[in-house]
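To keep things clear, I will list the structure first and then write my remarks on it.
Side chains are part of it too, since the values below use all heavy atoms of this structure and drop only hydrogens, waters and symmetry mates. If you read the sequence from its start, that first residue is 1, and numbering goes on from there. Owing to the predicted nature of the structure, the values given are computational and were not obtained by experimental measurement.
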Amino acid sequence: MSKIIKATAPAKVNLVFEVGGIQPDGYHPVNSLFLALNLREELTLVNGETGTGVSIYVHGQSLPERHIQAVPTDETNLVYKVAQALASHHNIPTPDLQVDILKRIPVAGGMAGGSSDAAAMLVALNEFLFQEQGIARLSTAELAALGAKLGSDIPFCLYGGLAIGTNRGEQIQELPDLEFESNWLLCISNQGLSTPLVFHKFDELSTGNSFNDLGSLRITSAQELAAVMSNDLEGAALALIPALAHLKEQLEELGALRAMVSGSGPTIAALFDSAARCHEVVELLKAEGIFALVSTGPSAGARLES
Ligand code: ATP
C-alpha cells in the first residue's frame, strides 16, 4: 500500500526587517522579527513508481493562475532540493516520490512561499523515511540546519510563531507567541519582484542600517504592533514599483493600522484591528481589480497533518 504523508507550513511576514551593509561575500546581514501566518502550504507525499525519482505537482487555492504557472516542477523546485539534501544527509539514494503541493502563498511575493514548501517537505520526508526505511527522525534544529543551506527563510518556516532571524535570517531565536490574534490583508501585486534585485536597489540607495534589540519589543496589542512595524527594504521595493506607494496610502486610508511592503515585496501586508474590516477592504479592492487575501497570525511552524 502507498504511504501517504501530509504536512503544512506557514507564510511569513517580516514585522521588522533591518538590513545591514553588503558584506564581501555579497550578502547582507539582517535582523528580522518574523511572524508566521495562517496562510499554509499543504504538501502530500506518496511513494512513486520505482525508478521515477521525485515528481512534483502544483495546484493552487485562491491564487491567480499565473502564480501556479511560475512554480517550477523540475529539480530547481526547493522541494526537489530538500529531497536530495535529506537523502544525501542520510547517505541513501533519493527516494521515488510523488509530491503534491497545494499553494496558498503568493509566488515571488516576499512571503516565503517556496521556503514554506521546503519546510513542509523537510517535515514530511523526515517522517516518510522513518516510517518506510526506519531512519531515525532528525530534530527540528537538525532540519533547520539542513534547510538553511537551501534558503534563508526555511528555518523560520519550520519554527513558525514569532521569532527573531539574524545573520541572513536563518539563525532563529524563538520568542513567546503574540497573545492576541493579528488580522492581515495581503495585497498581491500583478508584478513579481526578485529578492536579489531589491537588495541591489537597496545598495544603490543606502549603505545599510544598524540593528535594534528586537527581543525587548513589547507587543501586546495590534496598535503596539503597528507602531513597531518597519522594513528597511521598503524604499528599494517602492523605487522598483512606484505604484506600491499609492496602494500603501490607500490601505491606510481604508482603515489599516499600518500597511507595509512585506520583506522584499511586492506584497503589501496591511494590519487591521478587525477581521471584518479586512474582508470589507478585500471586496473594495476587488472592485478595482486588485487581488488581496486575508490571514491571521501567529501560526505554527511546519507540521504533520493527519
Ligand atoms: P522569500 O519571501 O523567501 O524571499 P518569495 O516568497 O518572494 O520568497 P517564492 O514564492 O519562494 O518567493 O519564489 C521565488 C522563486 O523561487 C519563484 O519564482 C520560483 O521560480 C522559485 N521556486 C522554487 N521552488 C519553489 C516553490 N516550491 N514554490 C514557489 N517558488 C519556487
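The structure places CE of Met121 at 10.5 Å from OH of Tyr80, a figure rounded to the nearest 0.5 Å. Rounding to the nearest 0.5 Å places CG of Leu122 at 13.5 Å from CD of Glu127. Of the inter-residue distances, the one linking Cys278 atom SG with Leu185 atom CG reads 5.5 Å to the nearest 0.5 angstrom. Of the inter-residue distances, the one linking Ser295 atom OG with Trp184 atom CH2 reads 10.0 Å to the nearest 0.5 angstrom. Summarising the geometry, atom CG belonging to Leu225 is positioned 8.5 Å from atom CG belonging to Leu33; distances are rounded to the nearest 0.5 Å.
Counting only N and O atoms by type, the side chains of Thr296 and Asn183 include no donor and acceptor under 3.5 Å apart. Checking Asn31 against Thr166 by side-chain atom types alone, no donor-acceptor pair falls below 3.5 Å. Side chains of Gln98 and Asn47: a donor-acceptor N/O pair is absent below 3.5 angstrom, by distance only. Inspection of the Lys3 and Gln131 side chains reveals an N or O donor paired with an N or O acceptor under 3.5 Å. At a cut-off of 3.5 Å, with distance as the only test, a side-chain donor of Ser139 or Glu142 sits close to an acceptor on the other residue. Side-chain atoms of Arg40 and Ser299 include a donor-acceptor pair closer than 3.5 Å. For the residue pair Glu75/Gln84, the side-chain donor-acceptor check at 3.5 Å is not satisfied.
Remark: the backbone N or O of Arg137 is not paired with any side-chain donor or acceptor of Asn126 at under 3.5 angstrom. With Ser264 contributing its side chain and Thr195 its backbone, the two residues share no donor-acceptor pair below 3.5 Å. The backbone N or O of Asp203 sits nowhere less than 3.5 Å from a side-chain atom of Ser206 that would complete a donor-acceptor pair. With hydrogens and angles ignored, the 3.5 Å screen pairs no side-chain donor or acceptor of Asp153 with any backbone N or O of Ser115. A side-chain donor-acceptor contact under 3.5 Å links Ser194 to the backbone of Leu197. Between the His28 side chain and the Val19 main chain, no donor and acceptor come within less than 3.5 Å of each other. Between the Lys248 side chain and the Ala259 main chain, a donor and an acceptor come within less than 3.5 Å of each other. Panel note: side chain Lys12, backbone Gly110; a donor-acceptor pair is recorded below 3.5 Å. Checking side-chain atoms of Glu132 against main-chain N and O of Phe130 turns up no donor-acceptor pair under 3.5 Å.
Alongside Phe34, the hydrophobic cluster contains Phe156, Tyr159, Ile172 (criterion: ILVMFWY side chains under 4.5 Å). Residues near Ile22 contribute nothing to a hydrophobic cluster around it, because no ILVMFWY side-chain heavy atom sits closer than 4.5 Å to its side chain.
Considering only heavy atoms from C-beta on, Thr8 stays 4.5 Å or farther from Leu43 through its side chain. Contact of the Tyr57 side chain with the Val99 side chain is not registered, since no non-hydrogen atoms from C-beta on lie closer than 4.5 Å. Contact check for Leu285 versus Gln250: side-chain heavy atoms found under the 4.5 Å cut-off. With a 4.5 Å cut-off on side-chain heavy atoms, Ile188 and His67 count as touching. A heavy-atom distance below 4.5 Å is not found between the side chains of Phe272 and Leu257.
Evaluation of the side chain to side chain donor-acceptor pair (under 3.5 Å) rule for Arg66 yields no partner, not counting sequence neighbours. With sequence neighbours excluded, no residue forms a side chain to side chain donor-acceptor pair (under 3.5 Å) with Glu249. Among residues two or more places apart in sequence or in another chain, the side chain to side chain donor-acceptor pair (under 3.5 Å) test is passed with Thr73 by none.
The salt bridge (Lys or Arg N to Asp or Glu O under 4.0 Å) analysis of residues 251-264, with sequence neighbours excluded, yields no pairs.
Using a cutoff of 4.0 Å between basic side-chain nitrogens and carboxylate oxygens, Lys149 and Glu170 are not scored as salt-bridged. Under a 4.0 Å N-O distance rule, the pair Arg104/Glu42 qualifies as a salt bridge. Salt-bridge check for Lys286 with Glu288: failed, with every basic side-chain N at 4.0 Å or more from each acidic carboxylate O.
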### Message
Is there a side chain to side chain contact (heavy atoms under 4.5 Å, CB included) between Cys187 and Ile290? Walk through the geometry before answering.
### Response
CA-CA 7 Å; Cys187 205; Ile290 300 171; 3.4 Å; yes
